[in-house]
Structure formats: structure tokens, C-alpha cells
Amino acid sequence: MPFASVYLSWMRADLSGKLLIALASDEETRYMFEQIKGEMVADCVLSAEPSGTGAIAFSSKGYLQFTVEVATRGAISGYPNASLSDIRIAMHIIRDLDLLETINVDLPPSIATRLADTKYRGWLDDIYGEGAAGLIPVVSINVGTIQGGSSANSHSVFSEASKIVARYPEAHIRLEGADAADISDSEHEMTPIFQHVVTDLGWPKPQMAPDTAISDLRYWRYRGIPTFWYGPDGEHVSAANESVKIEELLHLVRTYVVASAEYLKKS
């Protein structure tokens, strides 16, 4: 993004509008939207989040985070008759929470239509890994942290989770945070610009794709601002030796420069 902005500044006389860069634009908080709200406006926002160069992401799933705490009297492990095991109860709750994956999710037409196409589902699995297409329309459950001894509509999901936890009187549930799913118009004027720029650069035409991961674009989308991400292969994201291929990095710089110039060119 910084490289692309430098190159675009050299041709500013041929461009109209204003170009801003927001580094890590409120991915974890709404700080910038609260402190410099007047600067957080745009006709279109682009991000280099990892999508794979064959995809342009136009939506992402929301998230719901909650903590379940289990409290029992406790006892020496050799005397399980004296007290229920809080860890064992927690294990049962974790098992039961898998039921949340059966909640029906209403998909926007732009996503539902794509997922109804078996060829498209196969392409999505190729881009994001086997089974990725099946994750788009369902609630995904992940237990992040377990500590013990001496971790659809978010409201409806939390309601169902609360009912499950309520089966165990030793446990209680606490909401930690939630954000709704977000989506932009997959037919926005920027998408064909990006697609033809990528193909003109000799790379395969990227398709529009919903993504399962939350991103730092959600607060823009909540405000009705069209946002899209097009980035490198995300196969090793959050894994050991996370890296980006140099040829992908250079391709992204070229793509963002040419696509932005095309979008901002004077008529």
C-alpha cells in the first residue's frame, strides 16, 4: 500500500479525488472511527488482506465471543464422589455447543446464488481449502482457550449458547464481544476494474468470493462504504514461518496502482 501510494502520487495531475491509507484500519477496535471520524469516509476502500490472487473478497462472516465459567466445590482427584469435575462439565458443554452449527443462516442473494453453483463451490474449495464452501453458510465453532485446575445473527446464536450452558447449573456464560457479518455489492464498479487489471497483468481473472474470516473492513461496510480485499495467498496465515511470495507482493503493488488510477482518472 505505501509503495502503491508513492507511485500514484507521481501521477496525481491525471487523477481526481483523494487517496488515503489507513494502516491496520481499526481491525480490533473502532478507535479511528471514533477519534477521526471525519477522515474515515470514502467512495471505495481496498485492502490487501490475504484472499489469494484468484479471489476478490466482498463479504465476511461476523463473530461472537463468549466465556463459559464452571465452578464446583472441588476435591482431590482420588475422591470424585466428593465433587463434580468442573473440567469434565466444561468438556460436556463444549460437546453440546457443536449444536450451534445446526442453526439455519439466511444468506444474501449474492452469496446464496454463487454457492448454489457446484462449479463455483469447487473453485472456492480450491482457493480457500477443501470444505471452505461449506463453512460460508454455517456457524463455525472454535474453542480458543481452556483453563482449569489449581477459554446467524449473533444475538440468536448467543441465546442458543446460553440455553445449552443453562443445562449445567455449575456453569454460567458471559458475552465478550460480537460483530455482525458484513457485505459489499459484488457488482460495484470497482470489481470489473480490478478483474480486467489483473488479467491485463497476465494473471488469472479473480472471481468475487465471500470469506469466512472477519477483517478490518467490517467497520467501513457497516457504514455502507463499498470495500473489497485482494491479497496474497493466505495458506500460511497465523502459522509458523508466515510469509508472502515476492512475486505476489509485486503483483499486488502493480494491481493497486493501476486499478486505483483507473478508478480515480479524470474523465
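Residue-environment remark: CE (Met11) exceeds the threshold of 12 foreign heavy atoms within 6.0 Å. Atom CD1 of Ile21 has more than 12 heavy atoms from other residues, nucleotides or ligands within 6.0 Å.
Proximity of the aromatic rings of Phe194 and Phe228 is defined here by a centroid distance below 6.0 angstrom, and this criterion is not met.
Taking CZ from Arg221 and OG1 from Thr227, the interatomic distance works out to 3.5 Å, rounded to the nearest 0.5 Å. Atom CH2 in Trp203 sits 8.5 Å away from atom CZ in Arg254 (nearest 0.5 Å). In this structure, the separation between SG on Cys44 and CD1 on Ile193 is 8.5 Å, given to the nearest 0.5 Å. Note: Thr255 OG1 to Glu248 CD = 10.5 Å, rounded to the nearest 0.5 Å. Of the inter-residue distances, the one linking Lys205 atom NZ with Thr199 atom OG1 reads 7.5 Å to the nearest 0.5 angstrom. Here the straight-line distance linking atom CZ of Arg114 with atom OG of Ser110 works out to 6.0 Å at 0.5 Å rounding.
A donor-acceptor contact shorter than 3.5 Å is absent between the side chain of Asp179 and the backbone of Gly62. A donor-acceptor pair is defined here as one N or O able to donate and one able to accept, closer than 3.5 Å; no such pair exists between the side chain of Lys61 and the backbone of Ala180. With Asp211 contributing its side chain and Ala57 its backbone, the two residues share no donor-acceptor pair below 3.5 Å. A side-chain donor-acceptor contact under 3.5 Å links Ser51 to the backbone of Gly231. A donor-acceptor distance shorter than 3.5 angstrom exists from the side chain of Arg12 to the backbone of Ser9, with no hydrogens or angles considered.
You'll find the side chain of Leu8 stays beyond 4.5 Å of the side chain of Tyr256, heavy atoms only. Between Ser260 and Leu46, some side-chain heavy-atom pair lies under the 4.5 Å cut-off. Taking the side chain as every heavy atom from C-beta outward, Ile56 and Gln207 never approach each other to under 4.5 Å. You'll find the side chain of Tyr263 reaches within 4.5 Å of the side chain of Asp43, heavy atoms only. No side-chain heavy atom of Arg218 sits less than 4.5 Å from a side-chain heavy atom of Trp220. Two residues are said to be in side-chain contact when any heavy atoms from C-beta on lie closer than 4.5 Å; Thr113 and Tyr120 fail this criterion. The side-chain heavy atoms of Ile103 and Val157, taken from C-beta on, include a pair separated by under 4.5 Å. Side-chain contact between Ile89 and Thr72 is present, with at least one heavy-atom pair separated by less than 4.5 Å.
Taking all atoms of both residues into account, the shortest heavy-atom contact from Trp123 to Gly54 is CZ2-O, 3.1 Å. Taking every heavy atom of both residues into account, Ser162 and Ile173 meet most closely at OG-CG2, 3.7 Å. The shortest non-hydrogen separation linking Pro210 to Ile111 is CB-CD1, 3.9 Å. The two residues Leu64 and Ala178 make their nearest non-hydrogen contact at CD1-CB, 3.8 Å. Contact record, Val165 with Ala171: CG1-CB, 3.8 Å, taken as the closest heavy-atom pair. Minimum interatomic distance between Ala133 and Arg121 (heavy atoms only, all atoms of both residues): CB-O, 3.8 Å.
Qualifying salt bridge (charged side-chain N to carboxylate O under 4.0 Å, His left out) partners for Glu247, counting only residues two or more places apart in sequence or in other chains: none. For Tyr168, the ring pair (Phe, Tyr, Trp, His ring centres under 6.0 Å) test picks out no residue, with sequence neighbours left out. For the salt bridge (charged side-chain N to carboxylate O under 4.0 Å, His left out) test, residues two or more places apart in sequence or in another chain that qualify with Arg167 are Asp96.
Using a 4.5 Å cut-off between side-chain heavy atoms of Ile, Leu, Val, Met, Phe, Trp and Tyr, with links allowed through other members, Met32 and Tyr222 fall into the same hydrophobic cluster. Both Tyr7 and Tyr230 belong to a single network of hydrophobic side chains, linked directly or stepwise wherever heavy atoms of I, L, V, M, F, W or Y lie under 4.5 Å apart. Hydrophobic clustering (side-chain heavy atoms under 4.5 Å, transitive across Ile, Leu, Val, Met, Phe, Trp, Tyr) keeps Leu252 apart from Ile246. Cluster membership for Val244 and Trp229, using ILVMFWY side-chain heavy atoms within less than 4.5 angstrom, is not shared. Under the 4.5 Å side-chain contact rule for hydrophobic residues, Leu250 and Val257 do not share a cluster.
Among the candidates Ile94, Ile164, Ile93, the single residue satisfying the side chain to side chain contact (heavy atoms under 4.5 Å, CB included) test with Val68 is Ile93.
Salt bridge Asp182/Arg223: absent, no basic N to carboxylate O contact under 4.0 Å. Between Lys37 and Glu39 there is no salt bridge, since no side-chain nitrogen of the basic residue lies less than 4.0 Å from a carboxylate oxygen of the acidic one.
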Could you check Thr191 against Asp185 for side-chain contact (heavy atoms from CB on, under 4.5 Å), going step by step and ending with a plain yes or no?
-> CA-CA 9 Å; Thr191 63; Asp185 181 7; over 6 Å; no

Full working for side-chain contact (heavy atoms from CB on, under 4.5 Å) between Val138 and Val105 = CA-CA 6 Å; Val138 301; Val105 176; 5.7 Å; no

Run the side-chain contact (heavy atoms from CB on, under 4.5 Å) check on Ile136 and Leu115 step by step: do they pass?
-> CA-CA 9 Å; Ile136 299 296; Leu115 292 181; 3.7 Å; yes

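Lys265 and Ser16 form no side-chain donor-acceptor contact under 3.5 Å, judged by distance and modelled atom types alone.
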